[in-house]
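See below for the structure under consideration.
Just so we're clear, the structure is a prediction, and the values are computed from it rather than from any experiment. A, B, ... follow the sequence lines: proteins, then strands. Residue 1 opens every chain.
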Amino acid sequence: MAGGAAAALARALIEVGISNVVTSKTWKTLLKGMVLPALLIGAWQILSGLGPRYAYAFVPLDTLFSSLVELIQSGELWVHIAASLGTALKSLAIGGGIGVLLGTAMAVARPIDIAVSPLYHALRQVPTLGLIPLIGLWFGNSEFSKILVVSLATFEVMTLNTYEGLRSVERKYFEVGQVLTFNRAQIFWRILLPVALPSMLTGLMHAVSFAWLATVGVELLFTVGPGLSVIMERAQMAERMDTVILCISIIGLLGLCMNQLCVLLARRLLRWRNAVD
Amino acid sequence: MSPGVDSAMGAAVPTLTRLVRIPLLPRLVRLLPLLVLLVVWKAVTDAHWYPPELLVPPSEVWAALLELIETGELQNHLQVSLHRLGIGMALGCGFGVLFGVVMALSRTVETYTAPLFHVIRQVPSIALIPVLILIFGIGETFKILIVIKAAFFPVALATYTAVQGIPRPFFEVARVYQLPRAVLFRRIVLPATIPPIITGVRLALGRSWGTLVAAELLAAEAGIGQMMEFARQMFRIDVVMVGVLITGLIGFGFDRSFKWLEARLLRWRVR
């Protein structure tokens with residue numbers, strides 16, 4: 001069990017090392033990257049043994065491990081993970097979908113741009129989580145409020161990136177389209193979309209991390225229904241430091257995995273670009 | 001702005017008139033949708049479709065704003081929030097710049113710290129609130145630490161990229177001119193790195209502001225977030241809306257001033 005988790009963690013670390021810090025990909029570098037985390041874990045274990053005051057903040061590793069086993073065996077963990085991921089993904093689909101549609105509409109139709117963009121930019125100025133009291137008053141402590149806030153967070157990023165991606169298409173590409181006598185649909189699918197794709201994928205990457213952040217935020221602030229942050233909040237009230245630490249680690253790991261999935265998706269969808277370079 | 005999209009999608013319209021028309025759009029036209037929103041809002045409240053606990057007319061929000069200013073309540077909350085933001089940003093950016101420079105200059109530091117750095121960077125700042133509350137209580141420390149966490153990572157990353165991105169030829173030119181180190185630093189390193197760092201600080205400021213407001217919603221005795229949360233519990237929707245408005249205006253103000261700073265610092269760049 002622990003071996004599997006450690007291996008998964010190592011793989012995640014390696015992935016991040018490769019994708020974000022493109023340096024030499026040798027095992028030696030990767031091992032060096034593991035030194036600091038290992039030292040920190042060692043220091044953690046030593047500090048936890050210094051007395052009950054230290055053990056409160058630095059929960060001994062074996063306690064952490066047994067509470068992890070307990071969480072998994074009670075089956076509770078999966079329910080909460082599924083709930084949190086569900087909120088994030090549902091909102092990503094709703095908010096991201098509307099964002100792509102609105103961004104496209106604003107980029108190709110000037111009247112829509114003029115009518116909508118001031119409202120959009122006004123909304124964008126407010127930090128999404130700052131809207132929680134207002135949305136809470138309007139829609140109550142409900143599942144709907146949670147989805148609405150997280151959807152707003154993803155909607156804002158996707159709209160902007162779709163819009164900017166589509167607007168960044170250079171004139172010369174349209175001229176090529178004219179030479180090839182493309183009709184409007186062809187111009188959109190064969191010229192606009194491929195050029196806008198990198199910006200949209202960047203948007204997706206940000207949208208995923210914002211969706212996750214907002215999910216954690218709404219679960220902490222609207223304490224309704226299951227969710228990882230809900231157990232974390234409950235554990236905080238009960239002063240169960242071990243559960244809180246486990247929840248943070250799981251939230252971090254899941255965020256990391258989603259980020260890596262996006263990186264892989266972007267790489268796959270943008271293969272053609274690297275081939276041209 | 002690319003006029004190409006319009007000309008292609010709006011087929012018949014000649015590109016030139018589009019090009020001329022866009023900059024000539026009067027600023028008032030851009031404000032029009034917001035005015036329409038205000039009018040619709042007023043009309044909806046006048047029609048009494050929704051109970052006043054849920055939707056108050058714009059005039060009442062305005063009155064609430066004036067009242068909060070007159071009693072000095074708003075200023076107090078803002079002062080508390082901005083104080084937390086200021087301290088947290090100063091520390092977070094300071095450490096961020098330091099760490100970014102060291103990580104960019106030393107290969108060793110980079111190999112040893114980068115994986116951990118990128119993993120912790122991915123943990124949403126808000127997720128740290130419960131653990132910080134458990135350790136430090138619901139006082140000032142946890143809010144400032146949250147701001148530091150939210151500010152540190154974007155700034156460190158921006159600094160790292162900026163320092164790594166100084167083109168090598170710059171240093172070669174400096175060597176040819178035999179520039180002293182101080183001059184090299186002041187005339188080459190600083191102008192090349194400050195603008196991207198400012199961009200990082202701008203991002204960090206936006207995120208820290210959002211995170212701080214969320215932290216204040218959860219646990220605070222004062223601050224703009226606490227003002228909104230308390231108003232929500234009292235069903236004072238007008239005060240909540242003032243809070244949303246002010247939070248947005250402050251975020252907007254920060255973003256604009258840093259964008260202006262970026263543009264100003266990049267004036268020397270040949271376009």
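- Your options are B:Pro130, B:Ser125, B:Gly210, B:Gly243, and the one with the most heavy-atom pairs under 4.5 Å with chain A is B:Pro130.
- For chain A, the option among B:Gly206, B:Pro33, B:Pro124 with the highest count of heavy-atom pairs below 4.5 Å is B:Pro33.
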* To do: With side chain to side chain contact (heavy atoms under 4.5 Å, CB included) as the test, would you mind laying out the steps for A:Gln125 and B:Thr247 before giving the verdict?
  => CA-CA 8 Å; A:Gln125 302 311 323; B:Thr247 313; over 6 Å; no
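- Among A:Val216, A:Val35, A:Leu119, the residue with the largest count of heavy-atom pairs under 4.5 Å with chain B is A:Leu119.
- Interface check for chain B: of the options A:Leu137, A:Ile251, A:Leu123, the most heavy-atom pairs under 4.5 Å are formed by A:Leu137.
- The heavy-atom pair separating B:Val213 from A:Gly130 by the smallest distance is CG1-CA, 4.0 Å.
- The two residues A:Leu129 and B:Leu217 make their nearest non-hydrogen contact at O-CD1, 3.4 Å.
- Interatomic distance, B:Phe117 CZ to A:Leu36 CG, rounded to the nearest 0.5 Å: 12.5 Å.
- Interface check for chain B: of the options A:Pro133, A:Gly33, A:Pro127, the most heavy-atom pairs under 4.5 Å are formed by A:Pro133.
- Residue B:Phe235 touches chain A through both its backbone and its side chain, counting heavy-atom pairs closer than 4.5 Å.
- Separating the CD atom in A:Gln260 from the CD atom in B:Gln122 is a distance of 7.0 Å, to the nearest 0.5 Å.
- Residue-environment remark: CZ (B:Phe95) stays at or below the threshold of 12 foreign heavy atoms within 6.0 Å.
- With a threshold of 4.5 angstrom between heavy atoms, B:Leu37 approaches chain A through side-chain atoms but not through N, CA, C or O.
- Contact of A:Leu40 with chain B is made through the side chain alone, with heavy-atom distances under 4.5 Å.
- With a 4.5 Å cut-off on side-chain heavy atoms, B:Ile237 and A:Leu134 count as touching.
- For chain B, the option among A:Ile191, A:Leu31, A:Val126, A:Val116 with the highest count of heavy-atom pairs below 4.5 Å is A:Val126.
- Looking at B:Leu128, the atoms closer than 4.5 Å to chain A (heavy atoms on both sides) sit in the backbone and in the side chain alike.
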* To do: Test side chain to side chain contact (heavy atoms under 4.5 Å, CB included) on A:Met232 and B:Val131 and set out the steps.
  => CA-CA 9 Å; A:Met232 187 159 73; B:Val131 74; over 6 Å; no
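- Note that CD1 of B:Ile120 is 11.5 Å distant from CG of A:Leu256, once rounded to the nearest 0.5 Å.
- Using a 4.5 Å cut-off between heavy atoms, B:Ile133 contacts chain A through its side chain alone, with no backbone atom that close.
- Heavy-atom minimum distance, B:Leu34 versus A:Ala122: CD2-CB, 4.1 Å.
- Taking A:Gly252, A:Pro118, A:Ser209, A:Gly136 one by one and counting their heavy-atom pairs under 4.5 Å with chain B, the maximum is reached by A:Pro118.
- Residue A:Asn259 holds its CG atom at 10.5 Å from NE2 of B:His118, rounded to the nearest 0.5 Å.
- Judged purely by atom type and a 3.5 angstrom limit, A:Trp138 uses its side chain to pair as donor or acceptor with the backbone of B:Leu54.
- The CG atom of B:Leu218 sits 8.5 Å away from atom CD1 of A:Ile132, with the distance rounded to the nearest 0.5 Å.
- Atoms CG and CE, on A:Leu131 and B:Met228 in that order, are 8.0 Å from each other to the nearest 0.5 Å.
- Your options are B:Ile129, B:Val240, B:Val123, B:Thr108, and the one with the most heavy-atom pairs under 4.5 Å with chain A is B:Val240.
- Contact detail for A:Glu239 and B:Leu134: the closest heavy-atom pair is CA-CD2, 3.8 Å.
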